[in-house]
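Owing to the predicted nature of the structure, the values given are computational and were not obtained by experimental measurement.
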Amino acid sequence: MSTMNDAAGATAAPNWRALLGEIGLTRMRLDEAAPQVYPLTIPHKGATSDQLAGAEGRLRHALDPIHRELLTYANGWSAMFVDTDLLSTEQLGADGLWEQTRDLLKDLEEDWPPGYLPPVDQLEIIGASTVTSDLFLLWTAGPVTGGGRPVLWLGAGQIVQQWANVADFMWSVLAYTRKTLDDVLAKRPPFDRL
């Protein structure tokens with residue numbers, strides 16, 4: 001399993017306004033460079049204490065502290081990275097995208113060798129692609145690092161990457177978005193057709 005940072009390099013909760021603002025500015029530049037591929041989206045208004053409590057009630061447990069703090073600044077974000085949505089408090093533990101991705105996760109689990117991933121009941125979906133089977137999962141029983149629990153990226157049913165916590169995951173969203181912008185501006189394949 002590849003990791004963005006090892007436990008010693010894990011990031012505690014960042015200045016969310018600055019990090020989300022930087023992701024947003026990079027998304028604006030992507031929209032300017034390739035609006036037909038990367039239309040601009042922005043984070044939804046931060047969650048209220050009632051919305052957070054509602055999500056925790058449906059999930060039947062407290063949210064990961066770093067994830068909870070992120071939601072107070074961005075209560076969901078459609079197409080936050082390419083075609084991946086950051087789930088909102090209204091989606092966590094609810095019908096719709098949450099249920100669809102939970103069903104997909106259960107189907108995928110049948111094909112995994114024993115011990116490949118933590119049990120599905122310890123994986124909470126925090127982000128999901130609306131086009132592919134990519135899922136971003138918070139391991140609710142995983143080791144606490146930098147104040148939060150690990151995030152796993154599953155693509156095509158396989159682990160693509162793992163981060164120490166939600167903060168590290170969001171820093172990687174910024175890094176991936178910047179890399180995508182660089183590729184678009186340099187017209188590297190497949191962006192040479194734009």
Side-chain angles (χ1 to χ4, degrees), residues 1-5 10-11 13-14 16 19-20 22-24 26-27 30 38-47 51-52 55-56 58-59 61 63-109 117-118 120-140 142 146 148-180:
M1 228 183 297
S2 65
T3 59
M4 186 70 163
N5 290 322
T11 306
W16 288 113
L19 176 55
L20 294 170
E22 191 61 33
I23 295 170
T26 307
R27 287 299 314 270
L30 258 176
Y38 298 106
L40 179 63
T41 64
I42 59 173
H44 303 165
K45 182 180 175 187
Q51 290 171 315
L52 293 164
E56 290 174 332
R58 285 189 304 279
L59 295 169
H61 63 81
L63 290 163
D64 172 82
I66 297 178
H67 183 216
R68 189 178 210 282
E69 188 175 332
L70 167 61
L71 291 168
T72 67
Y73 289 90
N75 187 14
W77 188 341
S78 300
M80 172 186 67
F81 177 68
V82 188
D83 57 18
T84 298
D85 292 355
L86 175 68
L87 271 61
S88 69
T89 54
E90 288 80 14
Q91 293 171 303
L92 294 171
D95 293 336
L97 184 58
W98 173 270
E99 281 301 316
Q100 293 167 7
T101 53
R102 291 295 296 174
D103 291 343
L104 173 62
L105 193 55
K106 289 174 186 172
D107 290 343
L108 291 171
E109 183 181 36
L117 277 180
V120 169
D121 64 349
Q122 294 180 9
L123 298 172
E124 186 172 290
I125 300 151
I126 61 170
S129 170
T130 56
V131 177
T132 68
S133 62
D134 285 6
L135 299 174
F136 294 86
L137 310 166
L138 187 112
W139 181 14
T140 60
R149 301 206 183 258
V151 175
L152 308 170
W153 174 5
L154 238 58
Q158 304 296 313
I159 296 171
V160 176
Q161 193 162 354
Q162 178 177 336
W163 299 273
N165 57 38
V166 171
D168 282 357
F169 163 63
M170 291 302 292
W171 280 111
S172 77
V173 167
L174 175 58
Y176 279 120
T177 305
R178 284 177 172 165
K179 170 78 169 85
T180 301

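In this structure, the side chains of H67 and M170 stay at 4.5 Å or more apart for every pair of heavy atoms. Using a 4.5 Å heavy-atom cutoff, the side chains of Y73 and P43 are not in contact. Taking the side chain as every heavy atom from C-beta outward, L137 and V151 never approach each other to under 4.5 Å. Side-chain contact between E124 and L63: present, with at least one pair of heavy atoms (C-beta onward) separated by less than 4.5 Å. Between L92 and L71 there is a side-chain heavy-atom pair separated by less than 4.5 Å. Proximity of L138 to P150: side-chain heavy atoms (C-beta onward) are nowhere separated by under 4.5 Å. Using a 4.5 Å heavy-atom threshold, the side chains of L117 and E109 count as separate. Contact check for V82 versus Y38: side-chain heavy atoms found under the 4.5 Å cut-off.
Taking NZ of K179 as the reference point, atom OG1 of T26 lies at 14.5 Å (rounded to 0.5 Å). Rounded to the nearest 0.5 Å, atoms CG (N165) and CG (L70) are 11.0 Å apart. From E56, atom CD reaches atom NE2 of H61 across 8.5 Å, with rounding to the nearest 0.5 Å. Taken from CG in L123 to CZ in F136, the straight-line distance is 14.0 Å, to the nearest 0.5 Å. A distance of 10.0 Å separates CD1 in I125 from CG in L154, rounded to the nearest 0.5 Å. Taking OG1 of T84 as the start and CG of L135 as the end, the distance is 9.0 Å to the nearest 0.5 Å.
Without hydrogens or angle criteria, T132 side chain to S129 main chain gives no donor-acceptor distance under 3.5 Å. Judged purely by atom type and a 3.5 angstrom limit, D85 uses its side chain to pair as donor or acceptor with the backbone of A79. Using modelled atom types, no side-chain atom of R149 and backbone atom of P65 make a donor-acceptor pair closer than 3.5 Å. Checking side-chain atoms of R102 against main-chain N and O of G93 turns up no donor-acceptor pair under 3.5 Å. Remark: the backbone N or O of I66 is paired with a side-chain donor or acceptor of D64 at under 3.5 angstrom. T41 contributes a side-chain N or O that, together with a main-chain N or O of S78, makes up a donor-acceptor pair within less than 3.5 Å.
For L40, the CG atom sits in a packed shell: over 12 heavy atoms of surrounding residues, nucleotides or ligands are nearer than 6.0 Å.
Nearest approach of S133 to L104, heavy atoms of both residues: CB-CD2, 3.9 Å. In this structure, N75 and A47 approach most closely via the heavy-atom pair CB-N, 3.5 Å. What you find for Q91 and L86 is that their closest heavy atoms are OE1-O, 4.1 Å. Minimum interatomic distance between L152 and P118 (heavy atoms only, all atoms of both residues): CD1-CD, 4.1 Å. Closest non-hydrogen pair, P14 versus L19, comes out as CG-CD2, 3.8 Å.
Scanning for salt bridge (charged side-chain N to carboxylate O under 4.0 Å, His left out) contacts around R178 gives E22, with sequence neighbours left out. With sequence neighbours excluded, the residues forming a ring-ring contact (aromatic ring centres under 6.0 Å, His included) with F81 are Y176, listed by chain and number.
For the 3.5 Å distance criterion, the side chains of T130 and D83 fail to qualify, holding no donor opposite an acceptor. Checked by atom type, the side-chain pair Q161/W153 shows no donor-acceptor distance below 3.5 Å.
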Exercise. Checking side chain to side chain contact (heavy atoms under 4.5 Å, CB included) for the pair T180/L30: CA distance, chi angles, key distance, verdict?
Worked result: CA-CA 8 Å; T180 301; L30 258 176; 4.1 Å; yes
